[in-house]
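Reviewing the structure listed below.
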There are 2 protein chains.
Amino acid sequence: MASIKDVAAEAGVSVATVSRVLNDHPSVSADARARVLAAVETLGYRPNAVARSLRTDQTHTLGLVISDVMNPYFTELARSVEEEARALGYSVIIGNADERPDLQDHHVRNLLDRRIDGLLVSPTDGGSPLMLDAVRAGTPMVFVDRWIPGVDVPVVRADGQAAVRDLVAHLHGLGHRRLAIIAGPAATTTGQERVAAFREALQAYGLDLPEDYIGQGDFQAESGRRVTEGFLDLATPPEAVFAADNLMALGALDAVRARGMRVPDDIALAAFDDIPWFVHTDPPITAIAQPTGELGRAAVRALVDRIEGRPPQSVTLPARLVVRRSCGETAPPERPASPQPSPVTNRSQT
Amino acid sequence: MASIKDVAAEAGVSVATVSRVLNDHPSVSADARARVLAAVETLGYRPNAVARSLRTDQTHTLGLVISDVMNPYFTELARSVEEEARALGYSVIIGNADERPDLQDHHVRNLLDRRIDGLLVSPTDGGSPLMLDAVRAGTPMVFVDRWIPGVDVPVVRADGQAAVRDLVAHLHGLGHRRLAIIAGPAATTTGQERVAAFREALQAYGLDLPEDYIGQGDFQAESGRRVTEGFLDLATPPEAVFAADNLMALGALDAVRARGMRVPDDIALAAFDDIPWFVHTDPPITAIAQPTGELGRAAVRALVDRIEGRPPQSVTLPARLVVRRSCGETAPPERPASPQPSPVTNRSQT
DNA sequence: CCTCCTTGTGGAATCGATTACATCGACGCG
DNA sequence: CGCGTCGATGTAATCGATTCCACAAGGAGG
């Protein structure tokens with residue numbers, strides 16, 4: 001592979017001049033520039049990004065460590081992150097932590113070793129020493145979706161509180177009173193927040209969230225199945241189940257069917273995180289939709305701001321309720337008791 | 001960030017000795033080794049992968065360029081690729097081509113500039129000059145899923161012929177005679193092969209595949225919708241539609257529903273590529289399942305073999321039919337006319 | 001006791017770029 | 001006419017590692 005020296009030789013100039021042409025430095029004669037460009041063309045020369053990075057201490061690369069690539073929510077997040085990064089002249093290396101802190105650390109270490117310019121993380125846990133060290137060492141970092149409390153890093157996320165209130169209003173309006181939740185890992189902020197928001201919304205309706213209506217999941221389908229089975233085994237099972245993410249909702253759907261029961265007739269189901277497939281499931285699933293693409297783009301912008309010396313900003317965007325059929329047929333337009341803007345009703349079928 | 005020089009100073013040895021300890025070269029005294037290790041510890045030193053790569057001309061990084069990350073098939077492929085690569089000591093940089101040749105070239109160029117050790121590609125088109133140049137220049141490369149004819153590069157893929165025959169037998173057994181296909185882009189091998197396999201299987205049953213029963217799609221949901229609408233507008237619409245990938249099947253499902261028709265009562269539907277969601281759609285969709293994880297792992301092994309100087313091997317694994325309910329209720333066990341092993345029947349619901 | 005080989009170590013070149021500094025003409029102005 | 005300035009260019013240092021080569025010390029063998 002041709003190097004800058006070969007180009008210099010071919011063009012009959014020094015390497016410095018070649019470098020100047022390539023980085024369009026002003027003081028290069030038109031003649032020299034033309035000769036260099038010609039040499040680049042004939043040799044098919046491409047600058048070695050590795051060498052350039054070593055010298056300039058910039059890789060123009062961002063690291064993205066997410067909890068689970070197979071989760072459509074994170075897939076979409078990754079996609080939007082890559083798009084925005086590309087638009088800003090950066091590449092992205094994705095690390096899949098699979099909800100495992102050790103894998104998360106592996107990826108963070110790897111990315112740091114590769115001297116990425118900045119790190120986008122959706123932390124699996126409360127923050128390993130490695131990650132805290134990286135922050136302390138001044139690695140540009142931004143948390144997306146989830147974050148670590150007490151760490152001074154910008155956070156880009158969706159706020160689901162209002163949407164959860166809308167959901168509870170919706171369920172209440174359909175006559176459901178015994179509402180249960182499949183929670184995410186307590187080590188994640190999203191795991192905690194969604195339970196808190198749900199409990200709070202229930203209280204507004206004078207409803208309680210008993211301990212045995214809180215199932216401990218891990219954001220994976222299998223846990224949704226397990227927890228739901230537990231719910232169905234209770235003396236008085238819940239009338240509605242709210243899964244804190246889309247995969248656990250899928251597991252819940254499985255469990256309900258395995259009992260020969262039907263959604264929504266026998267039990268209502270709703271999920272946090274909307275995904276395209278929810279339109280096509282049987283029945284279409286009511287969900288809380290995050291502005292995923294916007295989150296990814298905002299996170300990249302914040303990180304690049306930080307990298308390029310501008311002050312980065314935390315961003316919080318609202319999530320919204322998308323009503324489908326998994327909680328029961330929607331009654332003719334009813335006014336929810338709460339004063340929030342009414343939930344968006346999405347055509348699940350034309 | 002501490003460099004090897006700092007470690008050398010701290011340990012009171014030369015950089016050469018530090019390097020030897022780090023790469024566990026045999027001739028280092030136990031004393032020196034201990035002092036270096038201690039220095040590494042106190043300084044929290046981590047070798048700079050960029051510098052190392054420049055010197056050794058190896059990045060221990062693989063590039064993976066796929067057509068569409070949002071397609072669950074490719075997501076799973078990417079995941080298995082990353083896992084196997086990690087097990088072998090490599091990292092993976094993923095580039096999403098979004099079925100666009102220009103984007104594909106962008107990523108290939110980018111990865112080449114970063115001097116990745118090898119490239120895994122699922123080509124979007126028939127092969128750009130850039131890609132052909134890369135092959136000619138000796139870049140270790142392996143094609144996965146799709147390939148480019150006439151290029152001497154190992155291919156790791158699934159063979160769907162037998163499974164397509166099984167599918168046609170299944171459809172025929174259910175009484176369907178007018179069978180249509182939503183094809184993928186003609187520029188892709190998978191696009192062509194699936195149509196060819198389908199036509200061939202039909203012939204075995206004395207069935208024809210007329211021109212207007214071949215819809216031109218692009219592996220995206222929207223094209224599945226469009227093509228299906230075209231089918232339904234025909235004077236004699238097909239009785240069954242076979243979508244050449246999962247997203248187009250989803251589009252087809254949409255289109256059928258938009259007409260107020262039902263699957264499988266009004267029209268049967270099957271898809272190439274099985275995904276977890278197909279179990280949960282209404283109705284569960286009959287599909288041809290590829291051994292995706294195996295493909296990803298085999299592709300990585302082939303590429304790493306090539307990189308490390310061992311002869312790489314092309315691999316072809318069989319796909320298999322997974323029968324669910326989207327083509328009609330399965331009749332009591334029937335013997336298909338063809339002599340192939342009978343299709344696997346998967347419990348779509350317990 | 002003197003070579004010769006082995007083992008441990010350091011010095012310095014190298015990978016492919018960027019960039020500070022030096023040099024050298026040409027040009028403008030007093 | 002001479003001097004300072006500016007534009008164009010080359011030389012060489014540098015980034016952080018790896019690795020070839022030289023060399024010193026110590027042990028084995030004659």
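Throughout, a chain's letter reflects where its sequence line sits, starting with A, and its residues are numbered from 1.
Close to D/dC15, at under 4.0 Å from its OP1 or OP2, lies no side-chain N or O of B/Asn48. Taking side-chain N and O atoms only, B/Ser29 has a distance below 4.0 Å to OP1 or OP2 of C/dT9. OP1 or OP2 of D/dT18 has at least one side-chain nitrogen or oxygen of B/Arg52 nearer than 4.0 Å.
Atom CD of A/Gln313 is surrounded by 12 or fewer heavy atoms from other residues, nucleotides or ligands within 6.0 Å.
Contact of B/Arg115 with C/dG16 (side chain to base): no donor-acceptor pair of N or O atoms is detected under 3.5 Å.
Across the protein-nucleic acid pair, A/Asp113 atom CG and D/dG16 atom P stand 14 Å apart, rounded to whole Å. Atom CG of B/Leu22 is separated from atom P of D/dT18 by 7 Å (rounded to the nearest Å). B/Asp6 has its CG atom 11 Å from the P atom of D/dC15, to the nearest Å. Following rounding to the nearest Å, B/Lys5 (NZ) and C/dG11 (P) show an atom-to-atom distance of 13 Å. Rounded to an integer number of Å, the gap from NE2 of A/His25 to C1' of C/dT19 is 9 Å. B/Arg35 has its CZ atom 8 Å from the P atom of C/dT9, to the nearest Å. Rounded to whole Å, the distance from CG on A/Leu54 to P on D/dG16 is 7 Å. The distance from atom CG of A/Asp31 to atom C1' of C/dG25 is 16 Å, rounded to the nearest whole Å.
In terms of position along DNA chain C, the nucleotide closest to B/Ala30 lies nearer the 5' end than the nucleotide closest to the other residue of the pair B/Ala30 and A/Ala49.
Across all strands, B/Val13 comes closer than 4.0 Å only to sugar-phosphate atoms, never to a base (heavy-atom distances). Residue contacts for A/Asp57: at a heavy-atom cut-off of 4.0 Å it reaches no nucleic acid atom on any strand shown. Nucleic acid contact for B/Thr17: sugar-phosphate only, since backbone atoms but no base atoms lie under 4.0 Å from a heavy atom of the residue. Residue A/Ser27 is classed as a base contact, given a heavy-atom separation below 4.0 Å to a base. In this structure, B/Ser3 reaches the sugar-phosphate backbone alone: every heavy-atom distance under 4.0 Å involves primed, P, OP1 or OP2 atoms, never a base.
When all heavy atoms of A/Asp117 and A/His60 are compared, the pair lying nearest together is OD2-N, 2.6 Å.
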Handout entry: Verdict with reasoning, A/Asp305 to A/Arg301, per salt bridge (charged side-chain N to carboxylate O under 4.0 Å, His left out)
Key = CA-CA 6 Å; A/Asp305 279 346; A/Arg301 282 194 296 267; over 6 Å; no

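Each of C/dT9, C/dT18, D/dT18 was ranked by its minimum atom distance to the side chain of B/Ala32; first place goes to C/dT9. Taking every side-chain heavy atom of B/Ala51 into account, D/dG16 is the closest of D/dG16, C/dT18, C/dG8. With C/dG16, D/dA17, C/dG11 as the choices, the nucleotide that has an atom nearest any side-chain atom of B/Ala16 turns out to be C/dG11. You'll find that the side chain of A/Arg55 is closest to C/dA17, out of D/dT18, C/dA17, C/dA20. Taking every side-chain heavy atom of A/Pro47 into account, C/dA17 is the closest of D/dG10, C/dT9, C/dA17. Comparing C/dG16, C/dG10, D/dG7 against the side chain of B/Ser14 picks out C/dG10 as the nearest.
The residues B/Glu294 and B/Arg297 are annotated as salt-bridged, a charged nitrogen and a carboxylate oxygen being separated by less than 4.0 angstrom. Salt bridge annotation for B/Arg100-B/Asp98: absent, with no cationic side-chain nitrogen under 4.0 angstrom from a carboxylate oxygen. The existence of a salt bridge linking B/Arg35 and B/Asp31 is confirmed by a sub-4.0 Å separation between a basic side-chain nitrogen and an acidic carboxylate oxygen.
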